[in-house]
Amino acid sequence: MDFNKQRQARNNKIHSENSRLHSTLRMWYRGGGEASGDEIYTGYNMTTHQKGALQCRSAYRLTANMTIRTLRDYGQHYRPRMACLKNVEVFVVEMQDPKSGVKGADQKLNVTIIPHVINGQDILAWIVTKMKVTTEEAQAFGTMLVAYGYIYPLQNHRKLVLVPDSTLYRFQTPYFWPVQKWPAEDIDYAIYLARRNIRKKGMLEPYEQQHYDNLHKWMNPKWDFIVMQATEQYKANKERKKPDRVVLDCQERAYWIVHRPPRRTHSAMDYGLDRLIDPNAEEVLTFDVVRRTNIFLTQALMRSAVKSSVSLTAFVKFVTTHHNHDPFLTTPVPSNPWITDSDEFWQLNSRSVDIPTKLSVERWVLSFWELISDPRGRVDFKLFLKKEHSAENMAFYEAAEEMRWGAASAIPEKSQFIFNTFLKPGAPRWINIDGRTMGLTVKGLVVPHRYVLDAAQTHIFLLMKKDTFYRYLKSPVHKDMQKRALVPAPHVFTDAQLEANVRNRNPGISPILQWQQEEEEKAAAAVAARPIDVKAMVATNKLDRK
Amino acid sequence: ILNSGCNNNVKGKVKGCEPRVLSLQNILSLILFLLPASALTTGIYMIFSTKPEMATQEVQPNETLTNLKAESDTLKTKLEDERAKLHDVELHQVAEKVDGLGQFIMKTRRTLKGHGNKVLCMDWCKDKRRIVSSSQDGKVIVWDAFTTNKEHAVTMPCTWVMACAYAPSGCAVACGGLDNKCSVYPLSLDKNENLAAKKKSVAMHTNYLSACSFTNSDMQILTSSGDGTCALWDVESGQLLQSFHGHAADVLCLDLAPSETGNTFVSGGCDKKANVWDMRSGQCIQSFETHESDINSVRYYPSGDAFASGSDDATCRLYDLRADREVAIYSKESIIFGASSVDFSLSGRLLFGGYNDYTINVWDVLKGTRVSILFGHENRVSTLRLSPDGTAFCSGSWDHTLRIWA
């Protein structure tokens, strides 16, 4: 008994709510006359109930000559996520201009005549003239209009692309335009599907049926309301004339295909995940935020900036010097592997090749950083250092890099190793840095942290960059390499050869194997670089005193 | 007024140093007559505040929010004036001497099909031919793009894997997304091995992971998240090495500087700001706020002295780090839909931008004009990266495919 009374009370409450909603609904649904932009969007001034009514059912009116003249501001003063919508709507409004827009005609579909139907070709032509772009670009833009739901196709309604022939499209009513203020709610979708179900059982497509079942599960408490709304709309629909009904159906179906796309339909309203911050919310400037901004600004004022002429000329210089090395600007020799399917380009520029290409050697000359960034270049530079007996600089630099970018747990042992090998007075590979830096570094190594070697590393790097590098460029090692460097002949493949290349693409070495090889080489080099322990050698009888 | 302002500021900034303050007041009163009030306050900030921890010091009752805001505005205008003084030439003026570019023929050379859902992110391996890509359904696939073979596949426990990165050694991949974590999967030569077994959870954020990148080695990862922070992690221990706070909204992208010192990175977020950070100290060094909408992608210029950003306001912009200003805007009236991803060519002459209208636009960086437009994808282009040797670039799209263009 109690339970029944509760249920009755709940139903009464829903009914009273609904009756209020119903009155608002009827006000919208039964209204006539020209649709003006403001009327449809008075959602901004409506009470929450009225807004709910508007959201809970689709209130739409159709007139034969739909012209929208007013452009609305969505109140998106901050961070609009779909900033493009405003600009797109400008175009759509112009498109619908009766004088200068796309010409529409009446189209006979089955028995009914649908007014104001436009043609794919005409849309494309209009976009080309209006935006002054090529046909392909116009097609891309047209496809976006369809994908966002501003224009919908009459036949093949699932494919949201602009086909530039006699395929038929119609402009979507502004009520159904994508807006950021309120999204397409699940409850609206549920009402729509329920209404379709009431109209004719089994009319829902499989993906719609899936959605329907899901919504039924999720929105079970509201289901009575949903069914009630659906029946109301169905009854109201029956009172319309046939052509109106057909057009309305098409519009609503198009709207839901854009907002709840079936599989394999690319809809632009499928925008992915929501961002965490509400783009329509006002930014709150707290005390702390403003104070931090002030600190940042004062620090920025203290920092010096470079003149535009200086830094921009530097960009131009960079581009000009690297012009020949950019595969998009200068065809790589022997050939771009992606175009001819031959990986000789990679093989000639690999780390372990004997003689490098002329282009690589030219690149090494550009700057010290380019030299050591290229693995083959670094090998050459190390060879030169060995001849100069200053290999410890490079070794220290590499060891410091390893420590800086390495695992946190390895820092103590690495710092110990570096100290013993490079920094200790009398160390086997003692590096030559000034006393102040040495003092700072050694002091810092007492409690080693990741960046403790930064000062010493910078000093050594600058030493190599400003002194050793220039001596390298003048050295016989480098000059010899420049003479011997290869200039591979560009490939000229016939069609048959190209096809053969496609079939025989070289799988290459797995990077894991390459990494293992490199690690082994590094370990071997480390062993070789260790100072010779004379006593141990004598003990193993390697040094024969005789 | 000046006197009272002076007192308050001095007292607020020099806590526990009262005796020193009293003796300096005589000197300060002399300065008062010579400098305007705003310069004085900034001067005092500079004299007495040397460390950023000033923000945590106690609030003085006279430092109301409106005062601070007014100060903020004056500082901003002052900074703009200083920067404007140094701006003596535009980029296209300097670029007049440079030759124009010819026609480009860029075609799709490979199409990688295998993802069952939207491709969200991709990265190249240092061997210039392998790539890792992640998609909405949780699959992360390692391809040999040259032969179009799939080499490894991992299924993540979450959907929307928005970030993936290849380790510099080529022995591991990192990925993350809606699970708020960044996990590292070591790759193995054995094809049948279940990679998920050796997974290592490295980063932990409080919201979705939007981008991740290895630094110069396999041992450190830099991540950015929807919770507005970026963080640097040690892979082996999962320890947080440094965190970077300063964005007021989701951070969507980041890129490491390619320079010799390699100490900075840039991040772009939904608050329309692109911030340059110092990895060592965690401070924001520079900040640029000229975009009109969310910044989807940032990428450094090859020389490391500038970076480009692509945003939802349909423009790509070039920011000069040394001159501390925006130097170029790449936009066209016919381009209305946002740029989701940008990258430079090897010389820095070309800027490739993947847009939400399914196209890729190629810009001449120096002259500011569009060189070429590439069609082919059937849904928005979500990610775009140049290969390490610059011979090709790969674009991943929501139409479930990746395309290699050369």
Side-chain angles (χ1 to χ4, degrees), chain A residues 79-81 83-84 87-88 131 133 136-137 140 144 266 273 275-277 287-288 290-298 300-301 305-309 311-314 316 318-319 322-323 325-329 332 336-339 346 369 405-409 451 505 507-508 510-512 515, chain B residues 42 45 52 55 65 68-69 71-72 75 79 86-89 91 94 98 109 125 127 146-147 169-171 189 207 215-217 219-220 226 234 236-237 239 249-250 260 270 280 293 303 312-313 320 322-324 334 336-337 345-350 357 359 375 378-379 390-392 404 406:
Chain A
R79 295 179 291 281
R81 208 185 323 124
C84 52
N87 300 329
V88 176
M131 290 174 80
V133 291
E136 289 165 311
E137 274 186 75
M144 288 312 288
H266 300 307
L273 290 180
R275 307 266 156 92
L276 192 62
I277 308 294
F287 197 85
D288 188 46
V290 184
R291 207 146 49 136
R292 282 178 200 274
T293 322
N294 289 353
I295 297 167
F296 173 76
L297 288 168
T298 45
L301 276 167
V306 167
K307 265 201 196 165
S308 278
S309 49
S311 58
L312 293 177
T313 344
V316 175
F318 185 88
V319 167
H322 285 81
H323 190 276
H325 305 278
D326 187 342
F328 279 100
L329 300 175
N336 191 326
W338 300 100
I339 301 179
W346 290 328
W369 179 242
W405 302 113
S409 55
Y451 302 107
R505 283 177 192 157
S510 162
I512 304 172
W515 175 250
Chain B
T42 43
Y45 270 84
L65 192 58
L68 277 186
K69 276 189 187 168
E71 201 190 313
S72 178
L75 284 174
L79 186 64
L86 294 171
H87 185 62
D88 48 355
V89 71
L91 181 60
V94 178
V98 184
R109 305 292 173 178
C125 177
D127 77 343
F146 190 62
T147 56
S169 68
C171 299
L189 290 164
N207 219 291
T215 60
N216 287 2
S217 81
M219 293 291 133
Q220 283 184 17
D234 177 56
E236 213 183 17
S237 58
Q239 196 189 4
D250 310 28
E260 306 162 348
C270 284
R280 216 184 126 160
S293 190
S303 70
D312 272 343
D313 64 1
D320 184 344
R322 292 203 294 165
D324 202 16
S334 57
I336 297 183
F337 300 98
S345 74
L346 197 134
S347 63
R349 184 69 194 269
L350 300 173
D357 63 352
T359 62
F375 303 94
E378 289 160 22
N379 204 332
T391 46
I404 312 271

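So that the names make sense, note that chain A is the first sequence line, chain B the second, and so on, each numbered from 1.
Minimum interatomic distance between B:V94 and A:V316 (heavy atoms only, all atoms of both residues): CG1-CG2, 3.5 Å. Shown here for B:T391 and A:N336, the closest heavy-atom pair between the two residues is O-ND2, 3.1 Å. B:E378 and A:H266 make their closest contact through O-CD2, 3.4 Å (heavy atoms, listed as atom of the first residue, atom of the second, distance). The two residues B:N216 and A:W405 come nearest to each other via the heavy atoms ND2-NE1, 3.4 Å. Closest heavy-atom contact between A:W515 and B:C171: CD1-SG, 3.3 Å. Across all their heavy atoms, A:C84 and B:I336 have their closest contact at CB-O, 3.3 Å.
Put simply, CG on A:L329 and CG on B:L350 are 5.0 Å apart, with the number rounded to the nearest 0.5 Å. Here A:T293 contributes atom OG1 and B:K69 contributes atom NZ; the two are 10.5 Å apart, rounded to the nearest 0.5 Å. Put simply, CG on B:D357 and CD on A:E137 are 9.0 Å apart, with the number rounded to the nearest 0.5 Å. Atom CD of A:E136 sits about 11.0 Å away from atom OG1 of B:T359, to the nearest 0.5 Å. Atom-to-atom distance recorded for B:L346:CG and A:H325:NE2 is 9.0 Å, nearest 0.5 angstrom.
With chain A as partner, the option from B:G170, B:S217, B:S169, B:G348 having the largest number of non-hydrogen pairs under 4.5 angstrom is B:S169. Ranked by heavy-atom pairs under 4.5 Å with chain A, the first of B:C125, B:A406, B:A392, B:S237 is B:A392. Annotation: maximal heavy-atom pairing with chain B below 4.5 Å, among A:W338, A:F296, A:W369, occurs at A:W338. Ranked by heavy-atom pairs under 4.5 Å with chain A, the list B:R322, B:R280, B:E236, B:M219 is led by B:R280. Note: A:I339 leads A:N87, A:V88, A:I339 in heavy-atom pairs under 4.5 Å with chain B. Taking A:S409, A:G406, A:S510 one by one and counting their heavy-atom pairs under 4.5 Å with chain B, the maximum is reached by A:G406.
Residues A:H323 and B:S347 form no side-chain contact, since every pair of their non-hydrogen atoms from C-beta on lies 4.5 Å or further apart.
With a 4.5 Å cut-off on non-hydrogen atoms, B:L79 touches chain A through its backbone and its side chain both. For chain A, the nearby part of B:D127 is the side chain; its heavy atoms alone come within less than 4.5 Å. Proximity to chain A (any heavy atom under 4.5 Å) is shown, for B:F337, by both the backbone and the side chain. B:I404 touches chain A through its side chain: at least one heavy atom from C-beta onward sits under 4.5 Å away, while N, CA, C and O do not. Heavy atoms closer than 4.5 Å to chain A are found in the side chain of B:N207, but not in its backbone.
Between the B:D234 side chain and the A:A408 main chain, a donor and an acceptor come within less than 3.5 Å of each other. Not one N or O on the side chain of B:S334 forms a donor-acceptor pair closer than 3.5 Å with the backbone of A:V133.
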Subject >> Derivation and outcome, side chain to side chain contact (heavy atoms under 4.5 Å, CB included), residues A:L297 and B:S72 >> reply: CA-CA 8 Å; A:L297 288 168; B:S72 178; 4.1 Å; yes
